[in-house]
Protein chains: 2
Amino acid sequence: MTPTPERGAATIEQVARVAGVSRSTVSRVLGGGERVSPEALTAVREAISALNYVPSRAARSLASRQTHAIALIVPEDTTRFFGDPYFAAIVSGIESRLRETDYILNLFIASDDPRSKTASYIESGNVDGAIVVSHHTSDTYVERIAQAVPVVYGGRPVRTRDGDYFVDVDNVLAGEEATAYLISRGARRIGMITGPRDMRAGIDRLEGHRRALAAVGLPEGPIEDGGFTRAGGAEAARRILDGGEPFDALFVASDLMARGAIDALRDADLRVPDDVLIVGFDDSPVAIGATPALTTIRQPSFHAGELITNTLLSRLRGEPAEHATVLPTELIIRDSA
Amino acid sequence: MTPTPERGAATIEQVARVAGVSRSTVSRVLGGGERVSPEALTAVREAISALNYVPSRAARSLASRQTHAIALIVPEDTTRFFGDPYFAAIVSGIESRLRETDYILNLFIASDDPRSKTASYIESGNVDGAIVVSHHTSDTYVERIAQAVPVVYGGRPVRTRDGDYFVDVDNVLAGEEATAYLISRGARRIGMITGPRDMRAGIDRLEGHRRALAAVGLPEGPIEDGGFTRAGGAEAARRILDGGEPFDALFVASDLMARGAIDALRDADLRVPDDVLIVGFDDSPVAIGATPALTTIRQPSFHAGELITNTLLSRLRGEPAEHATVLPTELIIRDSA
DNA sequence: TTGTAGGCGTTATCAC
DNA sequence: GTGATAACGCCTACAA
């Protein structure tokens, strides 16, 4: 006879009754089936599937003091979050790894709202850990969060502290490679469109750019901040154009900005790569979509998402984890330089 | 003297002690402050802020049988979710509305995994309600979900049932308008790249297209499914090209597919709009990014996200809500037709 | 290996 | 208005 599941979800109590054991035994089975007799084990399992039982997350959290939830904190506005393929890739990686576990993802697009709301939510033990992608100097609430729960950063935090965990690429090295390539292609007056200077990626790529220039004794070209958006990239290019300083190449710190820059150059009747060489960054889908296809620095964002999640998961299990995971980048040569 | 917050989050018990009242009174204050004396009220409020108290979500859920969480279910793979600006817009709208409440968003990119996992999670009372965007015929698990909690659809479900709640545009009318415009521009052999036929938006836009053709007695041109992706749009265009059937215009059911189609046409040395007129759909950011800028049907996706959320919130409060909310579309004329 | 007994932090239902 | 006192569903010693 089919057990009649009463209205609402089944409870552990009902499972126990149907299986003819106590709640504790059911609970043990749920916890992995250690120290349970084979008979009890199968009885419980059958009862579980017969009742279509799934544990109540709330009750479990309350008793075990774990939420099995992790927060994804994006200190950006929704426009930038959804507008930049970089986030798409990294979140996909996080998602795909998390899917193998029973952790759940709580999404906080934190920039638009009073930060303290996100922070106090997390401080109150509503998630077990947090992933922070895209960290700005001004995001002090992130430090409050890091004090409350284990945090892993996607991209090293602006001021890295001992004990921080992060997954990143070597942006200095990558920036250096980008500009060195431009030099090797014959460019001599190389400008740059940077990311925000309050972000590690913004700072480091510029640093690499400068090193490459210094290495061969070339002077700095025009430098403008494009804010990691397409529109910002276009504006930065326009400012560079308006500045009047001559340039024959541009290292642009993200593919998205590079597209904007190309738009602006085209409006000024400059051709890429004929008049201006361009190297982007990310190798996101927009790199191939651009005309001309972008020469760019590939960074493994999807994989980074997976590793970020792995690191956090290890920490949550109390296992040791790598503090700094640095992934390799690769110069991808296409048509823009 | 500063109250010493013990390790971990403060509890309602501690607040009560500091305020010199009982837990019940604190709970009442939390619940809105009805039937509480002014003195008690301020005392409790002070205690709360002094202790930096935030209620435990788990405990509250357990006792009140509400989770204050809502599920966002996207029956697509992550690539499509992050690749299509339509989702960006609608999720932004949802997010922005939810931010004003104390509801939290649980993200389920459901297509890649065994659907039943998502469904049983929700059936077990782990969320109060769900929003489903992008519904396919094959997504039967959605119906299980709809039986367990209030659901509101973004885009009407494939087979609408009495009692369903959804926010949508009139895709038939919009499709009709798109093709009618093409006709008015002189096109006579009009093909179409559709969305998947197992989705309402895919079906309805095609229906509108056919009506417009029928209205003036024009024959049907080539029709291919582009799966609502850029690559799919390009392939569909190639199939149309290969088919050999002549055409002077294309109604493409999404801007993303339209971009793909333009790429494919360009590869075949066809120029837009000189050789082929194109009308897209969505008016997403890619519409202006395309070359030439896309003439398209604008649908208010961000606003739809807000309204979806409003509808769900009303239902959760037990208030009456509109079953069908139909938003207007608008033809935006640019360069592609 | 199994069951019993608390307790996790809230809300809800009562009397007072 | 206020405060005991049960639930809520699960986990975790502890005892058997």
Side-chain angles (χ1 to χ4, degrees), chain A residues 5-45 47-48 51-69 102 120-121 123-126 128, chain B residues 5-45 47-48 51-69 102 120-121 123-126 128:
Chain A
E6 27 262 83
R7 282 194 53 69
T11 75
I12 203 174
E13 179 69 49
Q14 297 168 27
V15 174
R17 212 154 41 216
V18 170
V21 298
S22 73
R23 291 182 307 206
S24 328
T25 302
V26 178
S27 183
R28 272 178 219 112
V29 173
L30 258 31
E34 306 289 309
R35 306 174 168 238
V36 180
S37 70
E39 307 80 53
L41 205 151
T42 56
V44 169
R45 290 205 169 133
I48 285 179
L51 292 172
N52 201 256
Y53 166 78
V54 178
S56 150
R57 175 166 292 259
R60 187 190 287 239
S61 299
L62 192 56
S64 69
R65 320 186 107 309
Q66 296 192 74
T67 62
H68 280 264
D102 65 340
S120 58
Y121 178 81
E123 286 177 323
S124 306
N126 288 309
D128 292 343
Chain B
E6 27 262 84
R7 281 193 55 70
T11 76
I12 204 175
E13 179 69 48
Q14 295 167 29
V15 173
R17 212 152 43 214
V18 171
V21 298
S22 72
R23 289 184 303 206
S24 317
T25 300
V26 177
S27 184
R28 271 179 220 113
V29 173
L30 258 31
E34 306 290 307
R35 308 175 168 237
V36 180
S37 69
E39 306 82 52
L41 205 152
T42 56
V44 169
R45 290 203 169 132
I48 285 178
L51 293 172
N52 202 257
Y53 165 79
V54 179
S56 150
R57 175 167 293 261
R60 175 175 284 192
S61 298
L62 191 56
S64 68
R65 320 185 107 311
Q66 296 192 69
T67 63
H68 279 264
D102 63 342
S120 59
Y121 178 82
E123 286 178 322
S124 305
N126 287 309
D128 292 343

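Chain letters run A, B, ... following the sequence lines, proteins first and then strands; every chain starts at 1.
OP1 or OP2 of C:dG9 has at least one side-chain nitrogen or oxygen of A:R65 nearer than 4.0 Å. Checking the phosphate oxygens (OP1, OP2) of D:dG3, a side-chain nitrogen or oxygen of B:S22 falls inside 4.0 Å. Of the side-chain N and O atoms in B:T25, one or more sit less than 4.0 angstrom from OP1 or OP2 of D:dG3. For D:dC10, neither phosphate oxygen OP1 nor OP2 lies less than 4.0 angstrom from any side-chain nitrogen or oxygen of A:S64. Of the side-chain N and O atoms in A:S37, one or more sit less than 4.0 angstrom from OP1 or OP2 of C:dT2.
Within the 3.5 Å criterion, the main-chain N or O of B:V29 finds no donor-acceptor partner in the side chain of B:R45. B:R65 places no side-chain N or O within donor-acceptor distance of the main-chain N or O of B:G125, the cut-off being under 3.5 Å. The backbone N or O of A:R23 sits nowhere less than 3.5 Å from a side-chain atom of A:S27 that would complete a donor-acceptor pair.
In terms of position along DNA chain D, the nucleotide closest to B:E39 lies nearer the 5' end than the nucleotide closest to the other residue of the pair A:V54 and B:E39. Along DNA chain D, the nucleotide nearest B:P38 and the nucleotide nearest A:Y53 are compared for position; the residue whose nucleotide lies closer to the 5' end is B:P38.
Between B:A40 and B:T25, the closest heavy-atom pair is CB-CG2, 4.2 Å. Between B:Y121 and B:N126, the shortest heavy-atom distance links the atoms O-ND2, 3.0 Å.
With rounding to whole Å, A:H68 atom NE2 is found 9 Å from D:dC11 atom P. In this structure, A:N126 atom CG and C:dC8 atom P are separated by 18 Å, rounded to whole Å. As a whole-Å value, the separation of A:L30 CG from D:dC10 C1' is 9 Å. Rounded to an integer number of Å, the gap from A:R35 CZ to D:dA16 P is 18 Å. If you measure from atom CD of B:Q14 to atom P of C:dT10, you get 9 Å, rounded to the nearest angstrom. Taking atom CD1 of A:I12 as the reference point, atom P of C:dG3 lies 12 Å away to the nearest angstrom. One atom, CZ of A:R17, and another, P of D:dG9, lie 12 Å apart when rounded to the nearest Å. Whole-Å rounding puts the A:L62 CG to C:dG6 C1' distance at 13 Å.
Distances from the side chain of B:A63 to the nucleotides D:dA7, D:dC11, D:dG9 place D:dA7 closest. Residue B:R23 places its side chain closer to D:dA6 than to any other of D:dA6, C:dA5, D:dC8.
You'll find a donor-acceptor pair under 3.5 Å spanning the side chain of A:R28 and the base of C:dG3, going by distance alone. Taking only distance into account, the side chain of B:S27 never meets the base of C:dA12 through a donor-acceptor pair shorter than 3.5 Å.
Among the protein residues, B:S24 comes within range of the nucleic acid bases, having at least one heavy atom under 4.0 Å from a base atom. Within 4.0 Å of B:R60, counting heavy atoms only, lie sugar-phosphate atoms of the nucleic acid but no base atom. Using a 4.0 Å heavy-atom criterion, one finds that B:A58 contacts no nucleic acid atom at all.
Between A:R28 and A:E34 there is no salt bridge, since no side-chain N of the basic residue sits under 4.0 Å from a carboxylate O of the acidic one.
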